[in-house]
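Shown next, in structure tokens, is the structure this report addresses.
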Protein chains: 2
Amino acid sequence: MKPKLTLKKIAKELDVSISTVSKALRDSPEIGEETREKIKAFAKHYNYKPNNIALSLKNRKTKTIGIIIPEIVHHFFTTVISGVEKVANEMGYNVLVCLSDNSFDKEVLNMEMLANGSTDGFILSLAKETMQKGDYHHLQEAINQGMPLVLFDRVVDSIACDKVIIDDVAGAKKAVQHLLDVGCRRIAMISTVDYVSVGKLRTKGYKEALEENDIEFDENLILKIEEMEDSEKEIEEFLSNCEVDGVFAVNEHFAISAVKTLQESGKKVPQDVSVIGFTDGELSKRFIPGLTTVSQHGMRIGEESARLLIEKLERTPTEEDYYKTIIVETGLVVRDSTKSKK
Amino acid sequence: MKPKLTLKKIAKELDVSISTVSKALRDSPEIGEETREKIKAFAKHYNYKPNNIALSLKNRKTKTIGIIIPEIVHHFFTTVISGVEKVANEMGYNVLVCLSDNSFDKEVLNMEMLANGSTDGFILSLAKETMQKGDYHHLQEAINQGMPLVLFDRVVDSIACDKVIIDDVAGAKKAVQHLLDVGCRRIAMISTVDYVSVGKLRTKGYKEALEENDIEFDENLILKIEEMEDSEKEIEEFLSNCEVDGVFAVNEHFAISAVKTLQESGKKVPQDVSVIGFTDGELSKRFIPGLTTVSQHGMRIGEESARLLIEKLERTPTEEDYYKTIIVETGLVVRDSTKSKK
DNA sequence: TTGTATGCGTTATCAA
DNA sequence: TTGATAACGCATACAA
């Protein structure tokens, strides 16, 4: 086992000083042509690479960004990681991934862990529990310490920072409007609990769409699910107790459970009931019938988040501080789970 | 914005030396009760946390482990990340995630990036291109530099390091045996190209199962897919050109494409053709019909990998070097896509 | 009981 | 043109 080459070792080997080696490798004109070439040749031959940690300490920059996501079952979040990773790597950054498991404590712990020098900034989607508690001191603290923060998907208004979201209200409206367009009149919604920002917003969009089409809103047609775990059973119970011709679900898992339940109870999708989901993932794509969804472009969200964060990181500190909210367009991917009933 | 607290600042504030502060915070008996308490109280009040980077430089340990995976579309890999992350966090480690996108160059680049001090060791599943080229110098280099390496899933014999795999041959055999048990006689296999270790091994298992049941092996019943991209079309063409009553696919995507194609051509699954997949992910679980699969326990693979790596990292260097290969048991999850034809 | 000096690997400043 | 020195934040052997 040969330990890593350092400036010191090169210096010793070539019988020059450390600073000479450092300068030569950075092509400083201070160093004479001959010595410079000699040093560079040596370094190249033995494949010298500067130590990132030392650089981090010196520059007070780690060139890594931390991303904390609530859960990994949702394909959406993994595509966001993918987008972040892509942009980050292009810009010479590494990506530290942490999972909060939707737990407030784990989220705080993760942030503390990374805030002590491991990362230059954060990209984060809030844990369910955090939104429920409404306790965001850890976010504010990071910002106060000069660590930029980008929130995506599950964000909160009260924190001033960059944000990347989709227009959840408009997306939901689009979904419900589509159901109305294909002839649905009694449309159920399967949502998450209200304290999750996206759940609330999508519910708003649902209501607005109904309103605009002069359809009465019925509280009983909304199911709010707390835990992914029990979702299947809850959906089954819910749907067996209400007569509907359309279902709007806030994620693919719920949508698929809905289809399953409906089929098992003898209804046909889309002939009897149309079902639309949110977040266009593998599940929607591969499912039979192919699931009509509002596409959420996780990849793009990740890319935008990373760009935003890196921009802030590389900005000269004198520039004025202001925050952007980027809204990534949603699309409507029509597949086989919704169909005109005429 | 208040910059981070350092030992230096505390020392200055309390008018003691840096080392006194350092020792006091580490509960050294060298320091007098009174000063110690004073310093600790101060540190606690202002929430002092040592700088990870400085610690890394000092200890020549980063307490982070790097994981490089080939692609993130497969739910399997994300569950592995999840498992790694879990164990790592429990042991006080961070996780750096990189994607190789199945590209040899990106894999090498990622490793070089992380090897310069960013990580203490690697957990890695080989890129397709890497296996095709058979060029593993970057792995050997990392090992030579004293960075432990754990390979999982897509591994290679010629590199001496810890490995976490499943018994692919046995898993495949199990799958095919199940198809035989439910009465299938002409069983197609949808695999990956041979240079991907798991593709080769699972093909072996397929053959062995047939042999043991005195069924003739037919080369034409095997489809080898190179790119995920074109898989759907290839599978469609393949299945429309051969009459089978069972299909064994090496991942869920292929399995689902098979079901889709079969159904579109008027065949019923499982009544006419039984289909079994590999890797028990969301797709298999949620699909209709529920997909029978060989379960691969990505979470466990991740956990074992992390444990193995950390064990090596924390071992005293004098201990003898030896490598383990952990084989994680596969299971058979029977759902609705396979059914007895009696 | 406390403080000084040194080093981890770099780079930047300044002196030779 | 080159080299010595200090600094980034921390820990520790050793000196006071």
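Heavy-atom basis, side chains included; hydrogens, waters and symmetry copies ignored. Chain identifiers are assigned alphabetically (A, B, ...) following the order of the sequence lines, protein sequences preceding nucleic acid strands; residue numbering begins at 1 within each chain.
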Using atom CZ of R60(B) as one end and atom P of dT10(C) as the other, report the distance to the nearest whole Å.
11 Å
When rounded to whole Å, the CD1 to P distance for the pair I18(A) and dC8(C) reads 9 Å
Looking at E311(B) and K324(B), is any side-chain nitrogen of the basic one under 4.0 Å from a carboxylate oxygen of the acidic one?
yes
Is a salt bridge present between K63(B) and E314(B), judged by a nitrogen-to-oxygen distance below 4.0 Å?
yes
Going by an N to O cut-off under 4.0 Å, is there a salt bridge joining K106(A) and D101(A)?
yes
For dA11(D), does the base pair up with any side-chain atom of S19(B) as donor and acceptor (N or O, under 3.5 Å, distance only)?
no
Students often get this wrong, so: under 4.0 angstrom with heavy atoms, is L7(B) touching a base, only sugar-phosphate, or nothing?
sugar-phosphate
Separation of K58(A) atom NZ from dC8(D) atom C1', in whole Å?
6 Å
What contact category does L55(A) fall into here, base, sugar-phosphate, or nothing, at under 4.0 angstrom with non-hydrogen atoms?
sugar-phosphate
May I ask you to say whether K8(A) pairs ionically with E13(A), meaning some side-chain N is under 4.0 Å from a carboxylate O?
no
When we call it a touch if two heavy atoms are under 4.0 Å apart, what does T6(A) touch: a base, just sugar-phosphate, or nothing?
sugar-phosphate
Ignoring backbone atoms, test whether T35(A) places a side-chain nitrogen or oxygen under 4.0 Å from the OP1 or OP2 oxygen of dT2(D).
yes
Find the distance K23(B):NZ to dT12(D):P and express it as a whole number of Å.
10 Å
